[in-house]
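Have a look at the structure below before the remarks.
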Amino acid sequence: MIGALLVVVLLIYSIASDTYGVLRIVKLEMEKRALQEANLRQTADLIDAARELDLLKSDRSYIEFIARTQYHMARPNETIFRFRSR
């Protein structure tokens with residue numbers, strides 16, 4: 001009886017805490033999912049950056065849009081009106 005109990009305890013211990021234990025496998029799967037999601041986000045960011053780079057190299061209207069919206073630039077003799085939203 002004690003031998004069987006000892007075997008069961010050793011079996012549970014080896015499953016739970018070993019290199020190939022269930023807890024370690026679950027932890028590694030969670031890390032793998034997090035890394036895959038981060039990889040997808042970074043891939044999307046890379047695609048967006050490449051598209052923006054192509055637009056900046058070739059599209060004059062996009063360059064003008066960036067200059068006007070981000071840098072508040074205007075053409076000569078052009079008046080810019082700014083409105084605050086409440």
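These numbers come from a predicted model, not from an experiment. Heavy-atom basis, side chains included; hydrogens, waters and symmetry copies ignored.
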Check your understanding: Distance from E31 atom CD to R33 atom CZ, nearest 0.5 Å?
Key ->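 It comes to 12.0 Å.
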Review point. Say you draw a straight line from NZ of K32 to CG of L35; how long is it, rounded to the nearest 0.5 Å?
Key: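 Between atom NZ of K32 and atom CG of L35 there are 10.5 Å.
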Please list, one pair per line, the donor and acceptor atoms closer than 3.5 Å that link side chains of residues 48-67 to other protein atoms, with sequence neighbours excluded.
from, atom 1, to, atom 2, distance (Å)
E52, OE2, Y62, OH, 3.2
S58, OG, D54, O, 2.8
D59, OD1, S61, N, 3.2
D59, OD1, S61, OG, 2.8
E64, OE1, R75, NH2, 3.2
E64, OE2, R68, NE, 2.9
E64, OE2, R68, NH2, 3.3
E64, OE2, R75, NH2, 2.9

**Study point:** Residues that, via side-chain heavy atoms closer than 4.5 angstrom, fall in one hydrophobic cluster with F81
**Key:**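 Noted: F81 shares its cluster with F83.
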